[in-house]
Undergrad: 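Pasting a structure below so you can have a look.
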Amino acid sequence: MPYPNLLSEVRLGPYTLANRVMLAPMTRGRAGPTFTANPLMAEYYAQRASAGIIITEGTFTSPAARGWYQAPCIYTPAHADAWKLTTEAVHAKGGRIFCQLWHTGRAGHSNFREGMDGVDDPRTVAPSAIKRPSKSAGQLYTMKPGPVEVETPRELATEEVDALADEFKNAAQMAMDAGFDGVEIHCANGYLLDTFLQSSSNTRTDKYGGSFENRYRVLDNILRAVTTVYEPDQVGVRISPNGVFNGMGSDDFRESFLYYAEQLSKLGLAYLHVMIGLGFGFHEKGDPMTMQDFRKVYSGTLVANVGYEPEQADKEIEDGNADLVAIGRPYLSNPDYVERIAKDAPLAEVPPMSMWYTSADNQLTSEGYTDFPPME
Ligand SMILES: Cc1cc2nc3c(=O)[nH]c(=O)nc-3n(C[C@H](O)[C@H](O)[C@H](O)COP(=O)(O)O)c2cc1C
(Lines give C-alpha, C1' and ligand atoms only; values in the text may rest on other atoms or scores of the structure.)
Protein backbone atom coordinates (compact mmCIF):
# COMPACT_ATOMS: atom_id res chain seq x y z
CA MET A 1 0.00 0.00 0.00
CA PRO A 2 1.33 3.46 -0.78
CA TYR A 3 1.76 5.89 2.11
CA PRO A 4 1.56 3.23 4.86
CA ASN A 5 2.13 5.78 7.62
CA LEU A 6 -0.38 8.37 6.46
CA LEU A 7 -2.97 5.69 5.77
CA SER A 8 -2.57 3.85 9.07
CA GLU A 9 -5.12 3.95 11.89
CA VAL A 10 -4.58 6.29 14.77
CA ARG A 11 -6.17 6.92 18.13
CA LEU A 12 -7.38 10.49 18.65
CA GLY A 13 -8.88 11.08 22.07
CA PRO A 14 -11.74 8.56 22.41
CA TYR A 15 -11.82 7.85 18.67
CA THR A 16 -10.04 5.41 16.40
CA LEU A 17 -9.50 7.12 13.05
CA ALA A 18 -9.20 5.04 9.88
CA ASN A 19 -6.22 7.09 8.68
CA ARG A 20 -4.08 10.09 9.60
CA VAL A 21 -5.47 12.48 7.02
CA MET A 22 -7.29 15.45 8.54
CA LEU A 23 -9.48 17.58 6.30
CA ALA A 24 -8.13 21.06 7.12
CA PRO A 25 -10.71 23.68 8.07
CA MET A 26 -11.76 25.59 4.94
CA THR A 27 -14.22 28.44 4.74
CA ARG A 28 -16.32 28.00 1.62
CA GLY A 29 -19.04 30.61 2.14
CA ARG A 30 -22.05 28.41 1.40
CA ALA A 31 -24.07 29.14 4.56
CA GLY A 32 -26.26 31.70 2.79
CA PRO A 33 -27.52 35.06 4.00
CA THR A 34 -28.66 33.54 7.32
CA PHE A 35 -25.14 32.28 8.10
CA THR A 36 -26.62 28.89 8.96
CA ALA A 37 -25.49 25.40 7.93
CA ASN A 38 -27.66 23.70 5.28
CA PRO A 39 -28.11 20.50 3.23
CA LEU A 40 -25.59 21.58 0.58
CA MET A 41 -22.90 21.82 3.26
CA ALA A 42 -23.91 18.41 4.64
CA GLU A 43 -23.41 16.95 1.17
CA TYR A 44 -19.97 18.59 0.85
CA TYR A 45 -18.73 17.22 4.17
CA ALA A 46 -20.24 13.76 3.59
CA GLN A 47 -18.36 13.58 0.28
CA ARG A 48 -15.14 13.99 2.30
CA ALA A 49 -16.02 11.57 5.14
CA SER A 50 -13.21 9.12 4.33
CA ALA A 51 -10.69 11.57 5.79
CA GLY A 52 -9.58 10.22 9.18
CA ILE A 53 -11.18 13.32 10.65
CA ILE A 54 -12.87 16.43 9.26
CA ILE A 55 -12.45 19.87 10.77
CA THR A 56 -15.26 22.14 9.62
CA GLU A 57 -14.77 25.57 8.19
CA GLY A 58 -14.44 28.34 10.77
CA THR A 59 -17.81 28.74 12.52
CA PHE A 60 -18.77 31.93 14.39
CA THR A 61 -19.22 31.88 18.15
CA SER A 62 -21.29 35.11 18.44
CA PRO A 63 -22.54 38.08 16.37
CA ALA A 64 -19.30 39.93 17.23
CA ALA A 65 -17.31 36.98 15.89
CA ARG A 66 -18.79 37.24 12.40
CA GLY A 67 -16.40 38.37 9.72
CA TRP A 68 -16.74 36.36 6.54
CA TYR A 69 -19.51 36.43 4.01
CA GLN A 70 -21.93 33.48 4.28
CA ALA A 71 -19.80 31.55 6.79
CA PRO A 72 -21.82 29.56 9.35
CA CYS A 73 -22.54 30.22 13.04
CA ILE A 74 -22.82 27.96 16.10
CA TYR A 75 -24.26 29.99 18.97
CA THR A 76 -28.03 29.32 18.96
CA PRO A 77 -30.10 26.11 19.11
CA ALA A 78 -31.22 26.86 15.54
CA HIS A 79 -27.57 26.85 14.40
CA ALA A 80 -27.03 23.54 16.22
CA ASP A 81 -30.12 21.99 14.62
CA ALA A 82 -28.97 23.08 11.18
CA TRP A 83 -25.54 21.49 11.70
CA LYS A 84 -27.12 18.13 12.68
CA LEU A 85 -27.63 17.36 8.99
CA THR A 86 -23.88 17.55 8.50
CA THR A 87 -22.81 15.56 11.55
CA GLU A 88 -25.39 12.86 10.78
CA ALA A 89 -24.35 12.65 7.13
CA VAL A 90 -20.67 12.30 8.08
CA HIS A 91 -21.35 9.77 10.83
CA ALA A 92 -23.56 7.73 8.49
CA LYS A 93 -20.46 7.27 6.33
CA GLY A 94 -18.29 6.31 9.29
CA GLY A 95 -16.48 9.67 9.49
CA ARG A 96 -15.55 11.89 12.41
CA ILE A 97 -16.05 15.66 12.49
CA PHE A 98 -14.96 18.50 14.79
CA CYS A 99 -16.37 22.03 14.54
CA GLN A 100 -13.83 24.85 14.25
CA LEU A 101 -14.83 27.68 16.63
CA TRP A 102 -13.97 31.05 15.11
CA HIS A 103 -13.96 34.67 16.25
CA THR A 104 -12.62 36.86 13.46
CA GLY A 105 -11.66 39.83 15.67
CA ARG A 106 -10.03 42.68 13.77
CA ALA A 107 -9.99 40.65 10.55
CA GLY A 108 -13.76 41.00 10.29
CA HIS A 109 -15.81 44.08 9.40
CA SER A 110 -18.51 46.17 11.09
CA ASN A 111 -20.91 45.74 8.19
CA PHE A 112 -21.64 42.19 9.38
CA ARG A 113 -23.42 43.66 12.39
CA GLU A 114 -24.91 46.92 11.13
CA GLY A 115 -28.61 47.01 11.95
CA MET A 116 -28.50 43.66 13.75
CA ASP A 117 -30.96 43.36 16.66
CA GLY A 118 -29.32 43.75 20.04
CA VAL A 119 -26.00 45.00 18.65
CA ASP A 120 -25.31 48.56 19.85
CA ASP A 121 -21.75 48.83 18.55
CA PRO A 122 -21.02 46.97 15.32
CA ARG A 123 -17.26 47.65 15.32
CA THR A 124 -14.72 44.83 15.14
CA VAL A 125 -12.92 43.99 18.39
CA ALA A 126 -9.35 43.05 19.24
CA PRO A 127 -6.92 42.95 22.18
CA SER A 128 -5.63 46.39 21.10
CA ALA A 129 -6.85 49.12 18.74
CA ILE A 130 -4.27 48.20 16.10
CA LYS A 131 -5.44 48.04 12.51
CA ARG A 132 -4.57 44.89 10.64
CA PRO A 133 -1.73 45.60 8.21
CA SER A 134 -3.53 45.45 4.89
CA LYS A 135 -0.67 44.39 2.63
CA SER A 136 -1.13 40.68 3.24
CA ALA A 137 -4.77 40.77 4.21
CA GLY A 138 -6.09 38.85 1.26
CA GLN A 139 -9.56 39.66 0.10
CA LEU A 140 -12.21 40.63 2.61
CA TYR A 141 -15.59 39.05 1.86
CA THR A 142 -18.21 41.14 3.62
CA MET A 143 -21.91 41.87 3.39
CA LYS A 144 -21.25 44.35 0.61
CA PRO A 145 -19.94 43.26 -2.77
CA GLY A 146 -16.56 44.63 -3.74
CA PRO A 147 -13.51 45.63 -1.72
CA VAL A 148 -13.99 47.30 1.67
CA GLU A 149 -11.61 49.33 3.85
CA VAL A 150 -9.84 47.48 6.65
CA GLU A 151 -11.08 48.99 9.94
CA THR A 152 -9.35 49.90 13.18
CA PRO A 153 -10.80 47.60 15.86
CA ARG A 154 -12.09 48.63 19.27
CA GLU A 155 -10.00 47.43 22.21
CA LEU A 156 -11.94 44.95 24.31
CA ALA A 157 -12.44 45.91 27.98
CA THR A 158 -10.99 43.46 30.51
CA GLU A 159 -14.47 42.22 31.48
CA GLU A 160 -15.26 41.60 27.83
CA VAL A 161 -12.15 39.44 27.49
CA ASP A 162 -13.21 37.57 30.65
CA ALA A 163 -16.56 36.90 28.96
CA LEU A 164 -15.01 35.20 25.91
CA ALA A 165 -14.71 31.96 27.93
CA ASP A 166 -18.50 31.81 28.29
CA GLU A 167 -18.97 32.67 24.63
CA PHE A 168 -16.81 29.72 23.55
CA LYS A 169 -18.39 27.47 26.18
CA ASN A 170 -21.83 28.23 24.75
CA ALA A 171 -20.59 27.55 21.23
CA ALA A 172 -19.07 24.26 22.40
CA GLN A 173 -22.41 23.30 23.96
CA MET A 174 -24.18 24.09 20.68
CA ALA A 175 -21.55 22.01 18.84
CA MET A 176 -22.20 19.11 21.18
CA ASP A 177 -25.98 19.48 20.68
CA ALA A 178 -25.32 19.41 16.94
CA GLY A 179 -23.56 16.07 17.29
CA PHE A 180 -19.96 17.14 16.64
CA ASP A 181 -17.30 14.72 17.91
CA GLY A 182 -15.29 17.64 19.28
CA VAL A 183 -14.23 21.21 18.62
CA GLU A 184 -11.11 22.96 17.37
CA ILE A 185 -10.30 26.37 18.83
CA HIS A 186 -9.12 28.65 16.00
CA CYS A 187 -6.05 30.50 17.28
CA ALA A 188 -4.40 30.97 13.87
CA ASN A 189 -4.22 33.33 10.90
CA GLY A 190 -4.64 36.69 12.62
CA TYR A 191 -8.12 36.12 13.98
CA LEU A 192 -9.08 37.16 17.52
CA LEU A 193 -7.25 34.54 19.59
CA ASP A 194 -4.08 34.70 17.49
CA THR A 195 -4.03 38.49 17.97
CA PHE A 196 -4.05 37.92 21.74
CA LEU A 197 -1.14 35.45 21.52
CA GLN A 198 1.10 37.68 19.41
CA SER A 199 3.04 40.74 20.56
CA SER A 200 2.58 42.60 17.25
CA SER A 201 -1.18 42.79 17.82
CA ASN A 202 -1.43 42.74 21.62
CA THR A 203 -0.10 45.78 23.51
CA ARG A 204 -2.48 45.50 26.45
CA THR A 205 -1.33 46.40 29.94
CA ASP A 206 -3.94 44.38 31.89
CA LYS A 207 -3.83 40.66 32.79
CA TYR A 208 -4.29 39.77 29.09
CA GLY A 209 -1.21 41.56 27.72
CA GLY A 210 2.55 41.82 28.20
CA SER A 211 4.07 38.52 29.35
CA PHE A 212 3.58 35.23 27.49
CA GLU A 213 1.55 34.08 30.48
CA ASN A 214 -0.79 37.05 30.18
CA ARG A 215 -1.18 36.75 26.41
CA TYR A 216 -1.98 33.04 26.82
CA ARG A 217 -4.55 33.68 29.58
CA VAL A 218 -7.57 34.14 27.31
CA LEU A 219 -6.92 30.84 25.53
CA ASP A 220 -6.39 29.12 28.88
CA ASN A 221 -9.71 30.51 30.17
CA ILE A 222 -11.49 29.39 27.00
CA LEU A 223 -10.04 25.88 27.19
CA ARG A 224 -11.03 25.54 30.84
CA ALA A 225 -14.59 26.58 29.94
CA VAL A 226 -14.88 24.46 26.79
CA THR A 227 -13.57 21.37 28.61
CA THR A 228 -16.54 21.55 30.99
CA VAL A 229 -18.61 20.65 27.90
CA TYR A 230 -16.31 18.32 25.94
CA GLU A 231 -13.58 16.17 27.48
CA PRO A 232 -10.12 17.70 26.97
CA ASP A 233 -9.27 14.92 24.49
CA GLN A 234 -12.15 16.06 22.27
CA VAL A 235 -10.74 19.58 21.96
CA GLY A 236 -8.01 20.65 19.53
CA VAL A 237 -6.14 23.96 19.15
CA ARG A 238 -4.87 25.43 15.88
CA ILE A 239 -1.93 27.86 15.71
CA SER A 240 0.10 29.48 12.90
CA PRO A 241 3.51 30.47 14.34
CA ASN A 242 5.09 31.09 10.91
CA GLY A 243 2.12 32.69 9.22
CA VAL A 244 1.73 36.18 7.77
CA PHE A 245 -1.96 35.86 6.82
CA ASN A 246 -3.96 38.87 8.00
CA GLY A 247 -0.74 40.78 8.62
CA MET A 248 0.63 38.58 11.41
CA GLY A 249 4.20 37.88 12.54
CA SER A 250 5.92 38.91 15.78
CA ASP A 251 9.59 39.27 16.70
CA ASP A 252 9.17 36.91 19.67
CA PHE A 253 7.23 34.30 17.69
CA ARG A 254 9.57 31.41 18.50
CA GLU A 255 9.79 31.91 22.27
CA SER A 256 6.12 32.75 22.65
CA PHE A 257 4.77 29.81 20.63
CA LEU A 258 7.10 27.39 22.43
CA TYR A 259 5.72 28.69 25.72
CA TYR A 260 2.13 28.27 24.50
CA ALA A 261 2.81 24.73 23.26
CA GLU A 262 4.36 23.85 26.63
CA GLN A 263 1.28 25.09 28.45
CA LEU A 264 -1.08 23.30 26.05
CA SER A 265 0.88 20.09 26.51
CA LYS A 266 -0.29 19.92 30.13
CA LEU A 267 -3.99 19.82 29.24
CA GLY A 268 -4.38 16.40 27.61
CA LEU A 269 -6.05 17.88 24.53
CA ALA A 270 -7.07 15.91 21.43
CA TYR A 271 -4.27 17.57 19.45
CA LEU A 272 -2.23 20.65 18.69
CA HIS A 273 -2.62 21.61 15.02
CA VAL A 274 0.30 23.61 13.68
CA MET A 275 0.33 25.47 10.36
CA ILE A 276 4.05 24.86 9.95
CA GLY A 277 4.61 24.99 6.17
CA LEU A 278 5.35 28.33 4.53
CA GLY A 279 3.03 27.98 1.54
CA PHE A 280 0.24 30.05 3.11
CA GLY A 281 2.62 32.99 3.68
CA PHE A 282 5.69 33.42 5.95
CA HIS A 283 6.37 36.49 8.10
CA GLU A 284 10.19 36.28 7.78
CA LYS A 285 10.79 37.35 11.39
CA GLY A 286 13.50 34.69 11.80
CA ASP A 287 14.11 31.06 10.89
CA PRO A 288 10.75 29.34 10.52
CA MET A 289 9.66 27.01 13.29
CA THR A 290 9.49 23.28 12.52
CA MET A 291 7.45 20.34 13.76
CA GLN A 292 10.59 19.12 15.56
CA ASP A 293 10.53 22.32 17.63
CA PHE A 294 7.00 21.49 18.74
CA ARG A 295 7.75 17.81 19.34
CA LYS A 296 10.34 18.83 21.93
CA VAL A 297 7.83 20.72 24.08
CA TYR A 298 4.47 19.12 23.24
CA SER A 299 3.92 15.56 24.38
CA GLY A 300 0.46 14.89 22.87
CA THR A 301 -0.87 14.38 19.34
CA LEU A 302 0.55 16.81 16.78
CA VAL A 303 -1.06 17.70 13.47
CA ALA A 304 1.06 19.31 10.75
CA ASN A 305 -0.33 21.41 7.91
CA VAL A 306 0.42 23.58 4.90
CA GLY A 307 1.67 22.43 1.57
CA TYR A 308 1.98 18.70 2.23
CA GLU A 309 2.06 16.32 -0.73
CA PRO A 310 1.20 12.72 0.27
CA GLU A 311 4.90 11.69 0.14
CA GLN A 312 5.99 14.41 2.54
CA ALA A 313 3.00 13.82 4.79
CA ASP A 314 3.87 10.14 5.01
CA LYS A 315 7.52 10.95 5.77
CA GLU A 316 6.63 13.52 8.43
CA ILE A 317 4.67 10.82 10.26
CA GLU A 318 7.32 8.14 9.68
CA ASP A 319 9.99 10.47 11.09
CA GLY A 320 7.88 11.05 14.18
CA ASN A 321 7.42 14.78 13.57
CA ALA A 322 3.63 14.60 13.33
CA ASP A 323 0.86 12.13 14.13
CA LEU A 324 -1.60 13.41 11.53
CA VAL A 325 -1.32 15.76 8.57
CA ALA A 326 -4.08 18.19 7.60
CA ILE A 327 -4.76 18.60 3.91
CA GLY A 328 -6.51 21.73 2.68
CA ARG A 329 -6.47 22.88 -0.94
CA PRO A 330 -6.16 19.42 -2.54
CA TYR A 331 -9.46 18.55 -0.84
CA LEU A 332 -11.31 21.27 -2.73
CA SER A 333 -11.31 19.19 -5.93
CA ASN A 334 -10.57 15.70 -4.51
CA PRO A 335 -13.46 14.70 -2.24
CA ASP A 336 -12.08 11.15 -2.29
CA TYR A 337 -8.49 12.23 -1.54
CA VAL A 338 -7.90 9.19 0.70
CA GLU A 339 -9.15 6.66 -1.86
CA ARG A 340 -7.05 8.31 -4.57
CA ILE A 341 -3.79 8.27 -2.68
CA ALA A 342 -4.49 4.71 -1.51
CA LYS A 343 -4.57 3.69 -5.17
CA ASP A 344 -1.80 6.07 -6.18
CA ALA A 345 -4.33 7.59 -8.59
CA PRO A 346 -3.70 11.10 -9.89
CA LEU A 347 -5.09 14.02 -7.90
CA ALA A 348 -7.27 16.64 -9.60
CA GLU A 349 -5.70 20.11 -9.77
CA VAL A 350 -6.47 22.69 -7.10
CA PRO A 351 -9.14 25.03 -8.50
CA PRO A 352 -8.29 28.73 -8.93
CA MET A 353 -8.86 31.04 -5.95
CA SER A 354 -11.87 32.59 -7.71
CA MET A 355 -13.69 29.31 -6.96
CA TRP A 356 -12.80 28.96 -3.28
CA TYR A 357 -15.62 31.06 -1.81
CA THR A 358 -18.96 32.44 -2.87
CA SER A 359 -19.38 36.09 -3.69
CA ALA A 360 -22.43 38.23 -3.05
CA ASP A 361 -24.02 37.48 -6.41
CA ASN A 362 -23.30 33.77 -6.33
CA GLN A 363 -25.18 32.39 -3.36
CA LEU A 364 -25.36 28.77 -2.32
CA THR A 365 -23.97 27.42 -5.53
CA SER A 366 -22.86 23.82 -5.75
CA GLU A 367 -20.60 24.78 -8.65
CA GLY A 368 -16.97 24.42 -7.63
CA TYR A 369 -18.16 22.97 -4.32
CA THR A 370 -19.93 19.62 -4.48
CA ASP A 371 -19.57 19.00 -8.21
CA PHE A 372 -16.04 17.54 -8.25
CA PRO A 373 -16.49 13.90 -9.22
CA PRO A 374 -14.80 11.02 -7.43
CA MET A 375 -12.17 9.19 -9.46
CA GLU A 376 -13.35 6.88 -12.28
C1 LIG B 1 -10.54 28.12 0.70
C2 LIG B 1 -9.79 28.11 1.99
C3 LIG B 1 -10.45 28.41 3.17
C4 LIG B 1 -9.79 28.35 4.39
N5 LIG B 1 -10.50 28.57 5.55
C6 LIG B 1 -9.91 28.34 6.76
C7 LIG B 1 -10.68 28.36 7.96
O8 LIG B 1 -11.90 28.57 7.98
N9 LIG B 1 -10.02 28.14 9.12
C10 LIG B 1 -8.66 27.89 9.16
O11 LIG B 1 -8.12 27.69 10.25
N12 LIG B 1 -7.93 27.84 8.03
C13 LIG B 1 -8.52 28.03 6.83
N14 LIG B 1 -7.79 27.90 5.68
C15 LIG B 1 -6.41 27.41 5.75
C16 LIG B 1 -6.38 25.88 5.54
O17 LIG B 1 -6.94 25.21 6.66
C18 LIG B 1 -4.94 25.37 5.37
O19 LIG B 1 -4.22 25.76 6.50
C20 LIG B 1 -4.27 25.92 4.13
O21 LIG B 1 -5.07 25.70 2.97
C22 LIG B 1 -2.90 25.27 3.92
O23 LIG B 1 -3.01 23.87 3.76
P24 LIG B 1 -2.85 23.22 2.30
O25 LIG B 1 -1.48 23.64 1.82
O26 LIG B 1 -2.98 21.75 2.48
O27 LIG B 1 -3.92 23.82 1.44
C28 LIG B 1 -8.42 28.00 4.44
C29 LIG B 1 -7.76 27.74 3.24
C30 LIG B 1 -8.41 27.77 2.04
C31 LIG B 1 -7.67 27.43 0.77
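Start at 1 and go down the list; that is how both ligands and their atoms are numbered. Residues take their numbers from the sequence shown, with the count starting at 1.
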Undergrad: Checking the side chain of Ser50 only, and the main-chain atoms of Val338 only, is there a donor and an acceptor separated by less than 3.5 Å?
TA: no
Undergrad: Give a yes or no on whether the ring-centroid distance for Trp68 and Tyr357 is below 6.0 angstrom.
TA: yes
Undergrad: Does the residue Ala188 have a heavy-atom contact with ligand 1, meaning some pair of atoms that are separated by less than 4.0 Å?
TA: no
Undergrad: Who's the nearest protein heavy-atom neighbour of atom 13 (C) of ligand 1, and how far?
TA: Pro25 O, 3.0 Å
Undergrad: Please could you name the atoms of ligand 1 that Met275 approaches to less than 4.0 Å, counting only its heavy atoms?
TA: 19 (O)
Undergrad: Check the side chains of Asn334 and Arg340 for a donor-acceptor pair under 3.5 angstrom, ignoring hydrogens and angles.
TA: yes
Undergrad: With respect to Trp102, determine whether any N or O atom, backbone or side chain, lies less than 3.5 Å from an N or O atom of ligand 1.
TA: no
Undergrad: Mind checking whether Tyr357 contacts ligand 1 via backbone (N, CA, C, O), side chain (CB onward), both or neither, at a 4.0 Å heavy-atom cut-off?
TA: side chain
Undergrad: Return yes or no for this condition: an N or O of Gly58 is under 3.5 Å from an N or O of ligand 1.
TA: yes
Undergrad: For Tyr369, which of Trp356, Tyr44, Tyr331 qualifies under ring pair (Phe, Tyr, Trp, His ring centres under 6.0 Å)?
TA: Tyr44
Undergrad: Applying a 4.0 Å heavy-atom criterion (strictly less than), which segment of Asn305 is in contact with ligand 1: side chain, backbone, both, or neither?
TA: side chain
Undergrad: Taking the six-membered ring for Trp and the single ring otherwise, decide whether the centroids of Phe180 and Phe98 are under 6.0 Å apart.
TA: no
Undergrad: As an exercise, identify every atom of ligand 1 less than 4.0 angstrom from a heavy atom of Ile327.
TA: 26 (O)
Undergrad: Within ligand 1, which atoms have a heavy atom of Ala24 less than 4.0 Å away?
TA: 17 (O)
Undergrad: Is there a side-chain contact between Tyr298 and Leu269 (heavy atoms, below 4.5 Å)?
TA: yes
Undergrad: Tell me the protein heavy atom at minimum distance from atom 26 (O) of ligand 1, and give that distance in Å.
TA: Gly328 N, 2.8 Å
Undergrad: Are His103 and Phe60 near enough that their ring centres are under 6.0 Å apart?
TA: no
Undergrad: Backbone, side chain, both or neither: what part of Asn189 comes under 4.0 angstrom of ligand 1, heavy atoms only?
TA: side chain
Undergrad: Can you check which of Asp194, Val350, Val325, Thr27 brings a heavy atom nearest to atom 5 (N) of ligand 1?
TA: Thr27
Undergrad: For atom 10 (C) of ligand 1, which candidate among Met355, Arg238, Glu184 holds the nearest heavy atom?
TA: Arg238
Undergrad: Mind checking whether Gly307 has an N or O less than 3.5 Å away from an N or O of ligand 1?
TA: yes
Undergrad: Show which atoms of ligand 1 fall inside a sub-4.0 Å distance from at least one heavy-atom site of Gln100.
TA: 7 (C), 8 (O), 9 (N), 10 (C), 11 (O)
Undergrad: Is it true that a side-chain atom of Asn305 and a backbone atom of Val274 form a donor plus acceptor pair closer than 3.5 Å?
TA: no
Undergrad: Specify whether Phe253 and His283 have parallel, tilted or perpendicular ring planes, treating 30° as the upper limit for parallel and 60° as the lower limit for perpendicular.
TA: perpendicular
Undergrad: Only one of Asn19, Asp314, Asp319 passes side-chain hydrogen bond (donor to acceptor under 3.5 Å, both in side chains) with Asn5; say which it is.
TA: Asp314
Undergrad: Could you tell me if any non-hydrogen atom of Phe280 lies under 4.0 Å from any atom of ligand 1?
TA: yes
